[in-house]
Amino acid sequence: MYNQNVELRHLRYFVAVAEELHFSRAAEKLQMAQPPLSQQIRQLEHMVGVRLFERNHHSVMLTNAGQLFLEDAVRILEQVDQALIRMQQARHGQVGRLDIGFVNNAVATETIIPDVLAVYHQRFPAVEVRLREMHPEAQLQALQKQQIQMGFVASFQSVPAEFETEVLQRIPFVAVLAPQHRFASQPSVALRSLIKESFILCQRQSTPVLYERIIQRCGESPRVTQEVSDIRMVLGLVAANLGVSLVPASAMPLRTEGVIYRPLSDDGDAIMVETALVWHRKSFSPVVEGFLAVAREFTAHHAQHQEGIFPKAE
């Protein structure tokens, strides 16, 4: 029967003697005196109920039982060392799993998530990352239930006090017109002049702030004739001259033929789409902290390139 008095120190003492087959050298390796080491080995043999070493005045040899015990002792100590290493890695967010929610807001998230994840995977290869597509409201509920640890959201206005947010990028909206549209030749266009047009927009639940800002700016709701989930479809429908649209400036590279992009010329703050990370205060962990640090570093590194995606008047 297993003697629960056997401790890891007994195994380390035993392995040292088994490797050296010499008590004095083993004691020196362990930085202890020989008599206490010999006493500990005798105590271990008493606890396991079998002789582990054959000793005489000239040599020390492992018994058959000692050979078997050595294999298990070495494996146990290696497992303990690995466990301690993993604990230290977990403490620094280097191992574990990170469940991340994201809203499928084509340009607001898909232009940043892959890049941030690529850097994070290089930095923390032992952390398993799993993405789950869900709307912002569902993300907050999942964060509350600890089903995810972080979420990518776009164009939110406010979140409850128990959540933290970090804005990663702000991208202005631009008008999208067919080349034959009457405003296509202008260097910029006022949103108020488009309000009576037929609008083709992404679904309201994915960009609620856009709808709200249009109403605030123009005093009325846009006349949305087509509402789709994919921004590429939006651009295709505009190219077919079925209406006008507003898209983030970062969507401009998605389609360059059949559409014209123009900055908005209205007075007041630009209409922006914000991409942000959100997490629950009680779920902040080393893994979350590591991902947030990478996201911040990525954002700071790419901030100097933001001007390149903003439209310029022609």
Problem set entry | From CA spacing to verdict: salt bridge (Lys or Arg N to Asp or Glu O under 4.0 Å), Lys196, Glu220 | CA-CA 10 Å; Lys196 300 298 184 181; Glu220 59 183 296; 3.2 Å; yes
Exercise. Relative to each other, are the rings of Phe284 and Trp279 parallel, tilted or perpendicular (30° and 60° limits)?
Worked result: tilted
Exercise. Between Arg132 and Asp99, does at least one N-O distance fall below 4.0 Å, as a salt bridge requires?
Worked result: no
Problem set entry | All side chain to side chain contact (heavy atoms under 4.5 Å, CB included) counterparts of Glu28, not counting sequence neighbours | none
For this session: Determine which pairs satisfy salt bridge (Lys or Arg N to Asp or Glu O under 4.0 Å) with at least one residue from residues 9-19, sequence neighbours left out, and list them in order.
Result: Glu7-Arg9, Arg12-Asp81, Glu19-Lys29
Exercise. Can you pull the side-chain hydrogen bond (donor to acceptor under 3.5 Å, both in side chains) pairs that have at least one residue in residues 283-294, sequence neighbours excluded?
Worked result: none
Exercise. Between Ile200 and Ser245, what is the shortest heavy-atom contact and its length?
Worked result: O-OG, 2.5 Å
Exercise. For the side chain of Arg213 and the backbone of Ile271, is there at least one donor-acceptor N/O pair under 3.5 Å apart?
Worked result: no
Exercise. Quick one: ring pair (Phe, Tyr, Trp, His ring centres under 6.0 Å) partners of His10, sequence neighbours excluded?
Worked result: none
Exercise. What pairs of residues pass the salt bridge (Lys or Arg N to Asp or Glu O under 4.0 Å) test when at least one of them lies in residues 55-65, not counting sequence neighbours?
Worked result: Glu45-Arg55
Problem set entry | Whether His280 and Phe163 hold their rings parallel, tilted or perpendicular, with breakpoints at 30° and 60° | perpendicular
Exercise. With sequence neighbours excluded, what pairs up with Ala65 under the side chain to side chain contact (heavy atoms under 4.5 Å, CB included) test?
Worked result: Val50, Thr63
Seminar exercise, completed: For Asp266 and Val189 the tightest heavy-atom approach is OD1-O, 4.1 Å
For this session: Run the numbers on Glu166 and Arg296 for salt bridge (Lys or Arg N to Asp or Glu O under 4.0 Å), then give the verdict.
Result: CA-CA 9 Å; Glu166 177 91 12; Arg296 286 170 172 166; 3.0 Å; yes
Problem set entry | SB check Arg217 Glu212 (cutoff 4.0 Å) | no
Exercise. Salt bridge (Lys or Arg N to Asp or Glu O under 4.0 Å): which pairs involve residues 276-288, sequence neighbours left out?
Worked result: Glu164-Arg281
Exercise. With sequence neighbours left out, what residues match Arg51 under salt bridge (Lys or Arg N to Asp or Glu O under 4.0 Å)?
Worked result: none
For this session: Any chance you could lay out the ring-ring contact (aromatic ring centres under 6.0 Å, His included) test for Phe298 and Tyr120, step after step, and finish with the verdict?
Result: CA-CA 10 Å; Phe298 179 87; Tyr120 182 75; over 10 Å; no
For this session: Can you sort out the partners of Ala33 under side chain to side chain contact (heavy atoms under 4.5 Å, CB included), two or more places apart, ordered by chain and number?
Result: Pro35, Pro36
Problem set entry | salt bridge (Lys or Arg N to Asp or Glu O under 4.0 Å) contacts touching residues 61-79 (sequence neighbours left out) | Asp72-Arg75
Exercise. What are the two closest heavy atoms between Phe53 and Leu62, and how far apart are they?
Worked result: CE2-CD2, 3.4 Å
Exercise. What pairs with Arg42 under salt bridge (Lys or Arg N to Asp or Glu O under 4.0 Å), at least two apart in sequence or on another chain?
Worked result: none
For this session: Would you please name every residue forming a ring pair (Phe, Tyr, Trp, His ring centres under 6.0 Å) with Tyr211, sequence neighbours left out?
Result: none
